[in-house]
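The basis for the numbers below is simple: all heavy atoms, side chains too, and nothing from hydrogens, waters or symmetry mates. The sequence lines fix the lettering, A, B, ..., with proteins before strands; numbering per chain opens at 1.
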There are 2 protein chains.
Amino acid sequence: MTPVQAAACCRPIDDLLDPELFKALSDPTRSRLLGCLVKCGCACTVSDVGECCAVDLSVVSRHLSLLERAGVVQSSKTGRTVHYVVDYARLCRTMRAIADAIEQCCPAEQLPGCARGCCGAR
Amino acid sequence: MTPVQAAACCRPIDDLLDPELFKALSDPTRSRLLGCLVKCGCACTVSDVGECCAVDLSVVSRHLSLLERAGVVQSSKTGRTVHYVVDYARLCRTMRAIADAIEQCCPAEQLPGCARGCCGAR
DNA sequence: TGCGTACTTGCACCATAATGCAAATATACA
DNA sequence: TGTATATTTGCATTATGGTGCAAGTACGCA
């Protein structure tokens, strides 16, 4: 199969390789903010998360809302404070789905020893 | 635990949330090129992969070498042609490791019903 | 109602990165 | 050795995106 033929062939990986999601995770500042939120485990205010980074609070606000648009975190407003929480379930599900979708395309000869004859990542 | 405290606490997720990897996957053109390579399943030349996209061949060349630097694909040169292959095993392993690392940080109360009391993604 | 706090938005600036074209490099083949 | 092919690199252009500051909005509280 040539790349052109492959391009015409629809697979789960097509939807999962979403540039928007990866773009959300591609900035060092956002990565750090997300890392703090992930490790924190609880709902945090914009100000609290902002203390992890040496950037303006407006920058933190923008980054968090971008992460929310990408489906990585969720926000809830109570009064004038906004709390952000990581959507653990969705993130885990997406990452594993990507792995599965890639593995599905992996040719059998790629890595011997795997149950499916490929990838050996299971 | 506050975000600041969480930031000081080292977890596997810290190394796995690598902005460089995600940056490699964050461009639509690169995403399409990678998708073709993933679905193709075999080693493809720069020219062949380039036929999937309406961009200059020099652009394709640069994108593929960037994907290689990010550890997503591997290249091999034979004569004057360069072949690119997806590193299926590594990609799968990384994505699953990210999922595992995120799950590890997920608080127990997040999602009931899961074996670990969280995430429900297993 | 007025003030302070939490966050967001507008704007300008700067850095990075994507793109196409042309030229260069590397290699196969006659 | 000369020519054609495959890929890469230099360069200029353009687009995108991150940042800080200042101002605006929303809301709680006295």
Side-chain angles (χ1 to χ4, degrees), chain A residues 2-4 17-37 40 42-86, chain B residues 2-4 17-37 40 42-86:
Chain A
T2 69
V4 175
L17 279 186
D18 174 26
E20 286 310 311
L21 169 64
F22 296 123
K23 197 175 292 179
L25 305 174
S26 70
D27 177 71
T29 305
R30 267 197 302 277
S31 179
R32 180 165 176 81
L33 293 172
L34 178 61
C36 288
L37 272 176
C40 184
C42 57
C44 303
T45 69
V46 178
S47 308
D48 286 344
V49 185
E51 288 177 24
C52 299
C53 289
V55 293
D56 196 85
L57 203 64
S58 67
V59 173
V60 177
S61 171
R62 269 186 276 249
H63 279 316
L64 290 176
S65 77
L66 192 153
L67 285 172
E68 186 180 25
R69 257 176 285 139
V72 174
V73 300
Q74 287 177 329
S75 75
S76 56
K77 189 171 187 177
T78 57
R80 55 191 164 170
T81 70
V82 179
H83 286 268
Y84 280 94
V85 202
V86 175
Chain B
T2 69
V4 176
L17 280 184
D18 175 26
E20 286 310 311
L21 169 64
F22 296 120
K23 195 175 294 177
L25 305 174
S26 69
D27 177 73
T29 306
R30 268 198 300 279
S31 179
R32 180 163 177 81
L33 293 172
L34 178 61
C36 288
L37 270 177
C40 182
C42 58
C44 302
T45 69
V46 177
S47 306
D48 285 345
V49 185
E51 288 178 23
C52 299
C53 288
V55 293
D56 196 83
L57 203 63
S58 67
V59 173
V60 176
S61 172
R62 268 187 275 249
H63 278 316
L64 290 176
S65 76
L66 192 153
L67 285 172
E68 186 179 25
R69 258 177 284 140
V72 175
V73 301
Q74 288 178 330
S75 74
S76 57
K77 188 170 184 177
T78 57
R80 56 191 165 174
T81 69
V82 178
H83 285 267
Y84 280 94
V85 201
V86 175

inquiry  = One character per nucleotide, please: for nucleotides 20-30 of chain D, 5' to 3', B when the base has a protein heavy atom closer than 4.0 Å, S when only the sugar-phosphate does, - otherwise.
reply    = BB-----BS--
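Spacing between atom CG of A:Leu67 and atom C1' of C:dT8 amounts to 16 Å, rounded to whole angstrom units. Atom CG in B:Leu25 sits roughly 12 Å away from atom P in C:dA18 (whole-Å rounding). In this entry the distance linking CG of B:Asp27 with P of D:dG17 reads 10 Å, nearest Å. For the pair A:His83 NE2 and C:dT8 C1', the interatomic distance rounds to 17 Å; values are reported in whole Å. When rounded to the nearest whole Å, the span between NZ of A:Lys23 and P of D:dA15 equals 15 Å.
Expressed to the nearest 0.5 Å, how far CG of B:Leu25 lies from CG of A:Asp18 amounts to 11.0 Å. Rounding to the nearest 0.5 angstrom, the gap separating the CZ atom in A:Arg62 from the CG atom in A:Asp56 is 8.0 Å. Note that CG of A:Leu21 is 10.0 Å distant from OG of A:Ser26, once rounded to the nearest 0.5 Å.
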Sequence neighbours left out, cut at 3.5 Å: what donor-acceptor pairs do the side chains of residues 46-54 of chain B make with other protein atoms?
{"unit_1": "B:Asp48", "atom_1": "OD2", "unit_2": "B:Thr45", "atom_2": "OG1", "d": "3.2"}

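Contact record, A:Pro19 with B:Pro28: CG-CA, 3.9 Å, taken as the closest heavy-atom pair. Across every non-hydrogen atom of A:Glu68 and A:Ser75, the tightest pair is OE2-OG, 2.7 Å.
Along DNA chain D, the nucleotide nearest A:Leu66 and the nucleotide nearest B:Val60 are compared for position; the residue whose nucleotide lies closer to the 5' end is B:Val60.
Contact between the side-chain N/O atoms of B:Thr81 and the OP1/OP2 oxygens of C:dT27 is not found at any separation under 4.0 Å. Considering only side-chain N and O atoms, A:Thr29 lies under 4.0 angstrom from the phosphate OP1 or OP2 of D:dT19.
No engagement by B:Ser65 is indicated, since no non-hydrogen atom pair under 4.0 Å with the nucleic acid exists.
In the set D:dG18, D:dT7, C:dA18, C:dA18 carries the atom at the smallest distance from any side-chain atom of B:His63. Proximity note for B:Tyr84 (side chain, C-beta onward) versus C:dA6, C:dA18, D:dT8: the nearest is D:dT8.
The one candidate from A:Leu34, A:Leu66, A:Val85 that meets the side-chain contact (heavy atoms from CB on, under 4.5 Å) condition with A:Val73 is A:Leu34.
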